[in-house]
Protein chains: 2
Amino acid sequence: MKSDRDRSVRLLWEPPVEPSRGPKASLSQSRVVEAAIKVADAEGVDALTMRRVAETLGNTAMSLYRHVPGKSELLDLMVDAVWGETELAPKGHWRSGLEFFARQVWAMYRAHPWTLQLTASRRMPGPKAMARQDAAYAAVSELGLAAEEIVAVVTTVSHFVDGVGRTMADRVQAERETGVSEEEWWNGREALWEHFTPERLPMMTHIWNSGGFERPLDEFEFGLARVLDGLAVFIESEERPLVRPQACL
Amino acid sequence: MKSDRDRSVRLLWEPPVEPSRGPKASLSQSRVVEAAIKVADAEGVDALTMRRVAETLGNTAMSLYRHVPGKSELLDLMVDAVWGETELAPKGHWRSGLEFFARQVWAMYRAHPWTLQLTASRRMPGPKAMARQDAAYAAVSELGLAAEEIVAVVTTVSHFVDGVGRTMADRVQAERETGVSEEEWWNGREALWEHFTPERLPMMTHIWNSGGFERPLDEFEFGLARVLDGLAVFIESEERPLVRPQACL
DNA sequence: ACACCCTGCGTACAACGTAAGCAGTAGAGT
DNA sequence: ACTCTACTGCTTACGTTGTACGCAGGGTGT
């Protein structure tokens with residue numbers, strides 16, 4: 001149990017050592033991870049099976065277990081690998097730093113939506129994900145905030161980006177699974193629209209008639225600007241309103 | 001294909017009709033949905049199998065298929081049922097209305113975290129979820145916003161709440177699966193803490209040493225206040241900065 | 001009384017992750 | 001050169017999932 005998770009830590013934080021004895025491996029850990037990421041990118045998280053990954057490498061499922069302890073650890077490695085693709089924010093104003101952070105995470109989510117469909121909790125954090133997190137905290141480190149306020153500010157941005165990302169990821173997955181675009185799909189739901197009466201759903205029919213659903217604002221851009229505005233109110237206020245610790249769960 | 005989804009629509013929006021012929025059913029659709037929600041609440045989304053739901057009802061897996069077309073439709077029904085537990089906001093100031101909306105959704109997520117672990121896209125929306133959505137739009141309907149701005153404002157709040165909710169849901173699931181609390185689990189990761197050096201992760205070690213991780217601010221309360229502040233800046237500004245439509249995906 | 005449409009359920013199948021074990025290979029030690 | 005042994009890729013098999021199929025029997029309308 002304990003050793004399992006510690007193996008994950010070693011897997012993520014320490015470079016794999018090549019054995020000196022025995023036949024050379026035709027695969028390697030990094031090649032397995034790379035192939036798995038390609039499969040997830042191209043075919044979605046549901047297609048990410050050990051058999052499918054092995055197939056793209058010209059091997060059988062069980063051969064992967066020579067390089068990766070199990071699927072869970074493979075996911076840990078995949079997630080940290082894609083975090084490595086993001087850039088760290090340059091020094092500057094807190095707002096541009098947080099915005100940079102948000103845009104990097106958003107870009108990562110768009111390139112690899114499957115990361116959002118994996119359970120995040122208790123996933124062993126790797127060095128690249130941690131470096132990214134550290135850089136985000138650094139962006140708001142010189143404003144005289146208390147440590148827990150620094151955490152709260154970055155967390156707020158993260159939660160918003162996660163929220164938009166999840167919606168986007170679900171959409172991408174649905175489009176791939178059905179082969180039907182979002183718009184086409186909803187257009188085909190006549191049976192649903194029949195229930196959209198002004199009596200039942202006054203606001204939604206009004207918005208619909210005004211075209212508010214057809215020409216939506218960019219969810220990420222709009223929301224990010226608002227969230228940063230809200231953080232600015234907090235950060236730049238004279239007397240900061242302190243929200244004190246409280247049971248959260 | 002098409003008829004499948006239309007059946008979902010009928011399932012959700014039209015009350016089920018009792019057949020007049022044949023033996024009385026010992027189960028009913030609502031009893032199946034109720035039992036499924038209980039299982040998901042108590043044992044998590046992974047335990048939500050047809051066999052397990054049937055077991056709690058004293059039946060076998062296949063007997064459920066007399067009342068529900070498949071697992072996907074059962075999930076549709078479960079999600080709409082829990083939306084029905086939330087209250088609609090009373091009329092009032094936009095901010096209190098949006099806050100009420102956010103708190104209702106948050107309460108629902110806390111009571112039924114599994115809703116966040118289901119893929120949301122293309123899940124057939126039911127009447128109760130729609131009523132809730134309509135009420136949220138109504139909260140900001142009298143501010144002179146354009147239709148697409150109304151949508152964007154509510155969407156921003158939703159994304160934030162979804163983000164916090166997801167994190168919470170993952171945490172709950174992990175605690176149930178492992179039987180180990182979040183704190184205990186991280187405390188047991190000595191192998192991980194060895195890599196937390198000030199050179200590698202300066203901000204995180206600083207925050208750690210300042211106790212910023214031990215006494216965190218309430219993620220939901222802090223973030224919600226910031227998001228609403230940011231929306232206030234937008235809503236109450238003289239000349240509203242218009243973010244025009246743009247490719248989002 | 002008959003036909004028919006219900007009911008619940010047993011069996012079966014194709015995925016999935018992965019435990020166990022096996023034959024072959026190539027560097028290390030002598 | 002020879003053996004030992006760590007290491008390779010792979011086969012087989014198991015338990016769990018959603019659910020298609022079809023059957024025996026029950027209750028209602030005619």
Side-chain angles (χ1 to χ4, degrees), chain A residues 1 3-4 7-8 11 16-33 35-36 39-40 43-78 114 117-119 123 177, chain B residues 1 3-4 7-8 11 16-33 35-36 39-40 43-78 114 117-119 123 177:
Chain A
M1 176 67 111
S3 65
D4 283 340
R7 176 161 51 169
S8 257
L11 227 49
V17 286
E18 289 247 343
S20 61
R21 292 257 274 265
K24 288 272 171 294
S26 68
L27 260 45
S28 69
Q29 187 185 102
S30 60
R31 280 195 63 209
V32 170
V33 172
V39 168
E43 304 170 38
V45 75
D46 288 340
L48 188 76
T49 66
M50 299 305 266
R51 292 177 225 271
R52 180 80 193 94
V53 173
E55 198 187 323
T56 68
L57 288 164
N59 290 60
T60 64
M62 289 314 290
S63 68
L64 302 186
Y65 285 85
R66 292 278 170 209
H67 305 95
V68 154
K71 195 183 186 183
S72 169
E73 288 83 358
L74 174 57
L75 294 174
D76 287 341
L77 289 165
M78 290 168 66
W114 46 268
Q117 296 176 271
L118 272 31
T119 304
R123 167 134 293 127
E177 267 176 14
Chain B
M1 177 68 114
S3 65
D4 283 339
R7 176 162 48 170
S8 257
L11 227 47
V17 284
E18 290 248 343
S20 59
R21 293 257 274 264
K24 287 273 171 292
S26 67
L27 261 44
S28 70
Q29 188 186 101
S30 60
R31 280 195 61 208
V32 171
V33 172
V39 169
E43 304 169 37
V45 75
D46 288 338
L48 188 76
T49 67
M50 299 305 265
R51 291 178 225 272
R52 181 80 191 93
V53 173
E55 198 186 322
T56 67
L57 289 164
N59 290 59
T60 64
M62 289 314 292
S63 68
L64 302 185
Y65 285 86
R66 290 283 169 206
H67 306 94
V68 154
K71 194 183 187 183
S72 169
E73 289 82 0
L74 174 57
L75 293 174
D76 287 341
L77 289 166
M78 290 168 66
W114 47 267
Q117 297 176 270
L118 274 29
T119 302
R123 166 134 295 125
E177 268 176 14

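No hydrogens, no waters, no symmetry mates; every other heavy atom, side chains included, goes into these values. Naming convention: chains lettered A, B, ... in sequence-line order (proteins, then strands); numbering from 1 in each chain.
The CG-P distance, from L74(B) to dG18(D), rounds to 10 Å in whole Å. Atoms CG (L75(A)) and C1' (dT18(C)) sit 15 Å apart, rounded to a whole Å. At whole-Å resolution of the value, CZ in R31(A) and P in dT8(D) are 14 Å apart. Distance CG (D46(B)) to C1' (dG18(D)): 15 Å, rounded to an integer number of Å. Rounded to whole Å, the distance from CD on Q29(B) to P on dG8(C) is 13 Å. Rounded to whole Å, the distance from CZ on R66(A) to P on dT25(C) is 15 Å. The separation between L64(B) atom CG and dT19(D) atom C1' is 11 Å, rounded to whole Å. Here the C1' atom of nucleotide dA20(D) and the NZ atom of K71(B) are 17 Å apart, to the nearest Å.
Between L48(A) and M78(A) the shortest side-chain heavy-atom distance falls below 4.5 Å.
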Side-chain polar contacts of residues 52-66 of chain A - donor-acceptor pairs under 3.5 angstrom, sequence neighbours left out - could you list them?
residue: R52(A); atom: NE; partner: E43(A); partner atom: OE1; Å: 2.8
residue: R52(A); atom: NE; partner: E43(A); partner atom: OE2; Å: 3.3
residue: R52(A); atom: NH2; partner: E43(A); partner atom: OE2; Å: 2.8
residue: T56(A); atom: OG1; partner: V53(A); partner atom: O; Å: 2.7
residue: S63(A); atom: OG; partner: T60(A); partner atom: O; Å: 2.6

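Atom CG of residue L27(A) and atom NE2 of residue H67(A) lie 5.0 Å apart, to the nearest 0.5 angstrom. Here R123(A) contributes atom CZ and E73(A) contributes atom CD; the two are 9.5 Å apart, rounded to the nearest 0.5 Å.
Projected onto DNA chain C by closest heavy-atom contact, P69(A) and L27(B) fall at different nucleotides, the more 5' of which corresponds to L27(B).
In this structure, S72(A) has no side chain to side chain donor-acceptor pair (under 3.5 Å) partners at least two apart in sequence or on a different chain.
Taking every heavy atom of residues 48-62 of chain B and every atom of DNA chain C, pairs under 4.0 Å involve N59(B), T60(B), M62(B), by number.
Across every non-hydrogen atom of V39(B) and A47(B), the tightest pair is CG1-O, 3.8 Å.
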